[in-house]
Amino acid sequence: MFVMAEGRLNKVMELLEALAENKDTGIPSFNRVFRKMIEPPYRGKVLFNHVSKMSPEDFQPNEPHVSLIRWFRSYPDKFAVFEGGDGRVAMFGVRVRNACICWKSNRQPIACEEPDCIRFHICKKFVGGNCTAARCRLDHHFQSEHSRGLLKRYGLEDFSDVDLMTIFRQSHLQTCNFYDRKGTCDHEDRCVKVHICADFVNGSCKEPCPKKLTHDFGSDHSQRLLKVYDLHDRRLEDQLDQLLICDFSSKQQDPKKLQRDEILRLIATGFAIFDKDDEGGACGGGGGDDQHLKALRELNLGDKASKNNSEERGSTSEHSAAEQPRASKDLRNSLKSGKCAKWEMEIFGEWKALGDVRSRKLETAFCNPKQDSISITLPDVDECLLFDTLIDVNLNDLTAALLEGAEKLKLRRTPNNTDDAWLWYYETDGKNWDPYPEDDQVLLESAFLVKVKRIVVGKGEIYRVKFSDLTQRNRETGKERRVRRRPVLVDA
């Protein structure tokens, strides 16, 4: 029978206790190192001498080189180790082997027809930042059913589209822009990008090359990089298909702006189909797609929605339930005050109008993010003998029940104008509801309209918002808060 030495057993127990209490064990955290490496200013690659500066919690300045290299090599499916011509390690990089773009889907006019393809059907030029097609037939996002399934399969579902862009870009061997433009590279043999003619890669350069650039992978430098990316034993045609041409000649876009612009592009190109006849639900429904955003930008949110996001969102709040954001004067005029929405209740299979008085009462309560329910009387209908009976309406799922355990009655809200505006709120520690900052409002509403499952917002403190259960989760601390989407109150 195997018996562990008492001293070693105590050491193991101390380590397990430290892990349970989330203490520093001296062992680098893979998740922390990976996330720091894909964020600015590193964006997927870090110099050997900068590793301790990037993640001082995991690596000490005097960390032995051997143990540092050994740790990165222990994750061959997540990281790449780049060596120079002298055999010395020069850089570490993110390289997720499963983050592969399907080359068949990017070939014209042939498309991938494999139903169970294990690669992502996204535009390779879009990932490289140089797709100029007005109507690209390939995905410029990771929200398709095929992509979401693969992300979950490979453990990448918790990353935003911006982070995924970095991961996919760095997980493919790239052509060197300096070599392609100048014919030489200052990094020479230590460059982590392959020195080959970019026009030859995309098939637009003829022999001999007008720029006198290389059209093969014959150099030791190229062979070394092909081996890092597992392309050294492939055919030349397959190697060229897997290369990524990244165009950084224009000013790099802000990651949040990139995500927001892409979501807005999906709306504009018809990817988002919003059902205007929605009969209710947790978020109410109703309204048009881009009209939502137009109305949202006209709101007067005041200083409440301009708080510094570098602080923990919701930790402190002076927001009062009575201080509801209200529509601007122009928006109020366009919504025809007093007639902004019509409320109906499904009774015996038919939708019955609740009238102006009940509608206004419901609208006022529904626009208040702090209010969960309201009591109203049933409409006076011939088939219903219980009119004037008070019932409680659940404003979160827009249902009402006459008796406990009885089948719930449905309510629906129909706006009187397509400029109906909505706001997003998060619950604070004081059980109040604060509106998100203006940039996050547009981003959240855009993502909601294109029916994505989750989105990342925030500056400094980063939050993941899930639309399925309407929660906000701090990506660093794991703290969760409730989220709500409510319309803007229009004054009578």
Side-chain angles (χ1 to χ4, degrees), residues 77-78 94-175 194 196 198-205 215 217 226 228-247 258-259 261-263 265-275 447 449-454:
D77 294 335
K78 302 297 182 182
V94 167
R95 194 249 160 162
V96 180
R97 292 189 177 182
N98 291 324
C100 294
I101 300 173
C102 178
W103 57 267
K104 289 183 180 180
S105 65
N106 278 266
R107 279 186 175 177
Q108 294 284 2
I110 304 173
C112 180
E113 298 179 352
E114 298 181 21
D116 299 324
C117 182
I118 60 174
R119 293 179 174 85
F120 290 80
H121 295 173
I122 56 177
C123 177
K124 188 168 73 170
K125 289 185 177 180
F126 170 71
V127 175
N130 50 42
C131 182
T132 57
R135 293 184 178 181
C136 183
R137 66 179 180 84
L138 298 169
D139 287 345
H140 282 200
H141 56 86
F142 297 89
Q143 303 302 332
S144 68
E145 183 178 355
H146 177 75
S147 294
R148 297 307 305 178
L150 290 180
L151 290 175
K152 187 174 182 179
R153 177 178 177 179
Y154 299 143
L156 300 173
E157 71 274 15
D158 290 336
F159 292 95
S160 69
D161 275 24
V162 176
D163 290 340
L164 289 172
M165 284 281 287
T166 300
I167 293 173
F168 274 73
R169 182 175 292 163
Q170 300 301 334
S171 296
H172 288 78
L173 179 57
Q174 301 176 26
T175 60
V194 67
I196 193 171
D199 292 334
F200 172 72
V201 174
N202 60 33
S204 61
C205 187
H215 281 195
F217 300 106
L226 289 175
V228 170
Y229 288 90
D230 297 329
L231 298 174
H232 59 289
D233 56 353
R234 304 282 187 90
R235 297 182 306 165
L236 176 62
E237 185 181 16
D238 295 338
Q239 291 173 340
L240 296 176
D241 281 331
Q242 294 297 324
L243 286 185
L244 193 64
I245 302 174
C246 294
D247 183 9
L258 175 66
Q259 187 180 24
D261 290 349
E262 172 57 15
I263 293 175
R265 187 192 70 82
L266 295 178
I267 295 175
T269 55
F271 177 81
I273 302 176
F274 189 71
D275 186 3
L449 293 177
V450 300
K451 304 183 187 301
V452 301
K453 294 182 180 180
R454 61 180 70 86

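Quantities reported herein were computed from a predicted structural model and do not represent experimental measurements.
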(message) Between L240 and W103, is the side chain to side chain contact (heavy atoms under 4.5 Å, CB included) condition met? List the steps.
(response) CA-CA 10 Å; L240 296 176; W103 57 267; over 6 Å; no

What pairs with [X] under ring-ring contact (aromatic ring centres under 6.0 Å, His included), at least two apart in sequence or on another chain?
X: H215; answer: F200
X: H146; answer: H121
X: F142; answer: F168
X: Y229; answer: none

Sequence neighbours excluded, which residues qualify as salt bridge (charged side-chain N to carboxylate O under 4.0 Å, His left out) partners of [X]?
X: E157; value: none
X: D230; value: R95, R97
X: E237; value: R107, R235

(request) Check whether more than 12 heavy atoms from other residues, nucleotides or ligands sit under 6.0 Å from atom CZ of R119, and answer yes or no. (result) no

side-chain contact (heavy atoms from CB on, under 4.5 Å) with [X]: which residues, sequence neighbours excluded?
X: T175; answer: V194, I196, A198, V201, L243, I245
X: E145; answer: none
X: C131; answer: C123, K125, F126, A133, C136, H140

(request) Before giving the answer on side chain to side chain contact (heavy atoms under 4.5 Å, CB included), spell out for Q174 and R169 the whole-Å C-alpha distance, their side-chain angles and the decisive distance to 0.1 Å. (result) CA-CA 8 Å; Q174 301 176 26; R169 182 175 292 163; 3.5 Å; yes

Looking only at heavy atoms, which two atoms of [X] and [Y] are closest? And how far apart?
X: H172; Y: Q242; result: CD2-O, 3.7 Å
X: I118; Y: R153; result: CG2-NH1, 3.7 Å
X: N106; Y: I122; result: ND2-O, 3.1 Å

Distance from [X] atom [atom1] to [Y] atom [atom2], nearest 0.5 Å?
X: L231; Y: L236; atom1: CG; atom2: CG; result: 11.0 Å
X: S105; Y: E114; atom1: OG; atom2: CD; result: 10.5 Å
X: D161; Y: T166; atom1: CG; atom2: OG1; result: 11.0 Å
X: D163; Y: D158; atom1: CG; atom2: CG; result: 11.0 Å
X: F120; Y: C100; atom1: CZ; atom2: SG; result: 8.5 Å

(request) Can you sort out the partners of S147 under side chain to side chain donor-acceptor pair (under 3.5 Å), two or more places apart, ordered by chain and number? (result) S144

(message) List the residues meeting side chain to side chain donor-acceptor pair (under 3.5 Å) with N202, not counting sequence neighbours, and say none if there are none.
(response) S204

(message) Does any part of the side chain of L226, heavy atoms only, come nearer than 4.5 Å to the side chain of R234, both counted from C-beta?
(response)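 With C-beta onward as the side chain, the pair stays apart.
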
(message) Counting C-beta onward and ignoring hydrogens, is there a side-chain heavy-atom pair between L156 and N98 closer than 4.5 Å?
(response) no

(message) Please evaluate residues Y154 and V96 with respect to the criterion side chain to side chain contact (heavy atoms under 4.5 Å, CB included), reporting the C-alpha separation (whole Å), side-chain torsions for both, the decisive distance (0.1 Å), and the verdict.
(response) CA-CA 9 Å; Y154 299 143; V96 180; 5.9 Å; no

(request) Taking Q170 for its side chain and V94 for its backbone only, find out whether a donor-acceptor pair lies under 3.5 Å. (result)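 The answer is no, because no donor-acceptor pair under 3.5 Å joins these two groups.
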
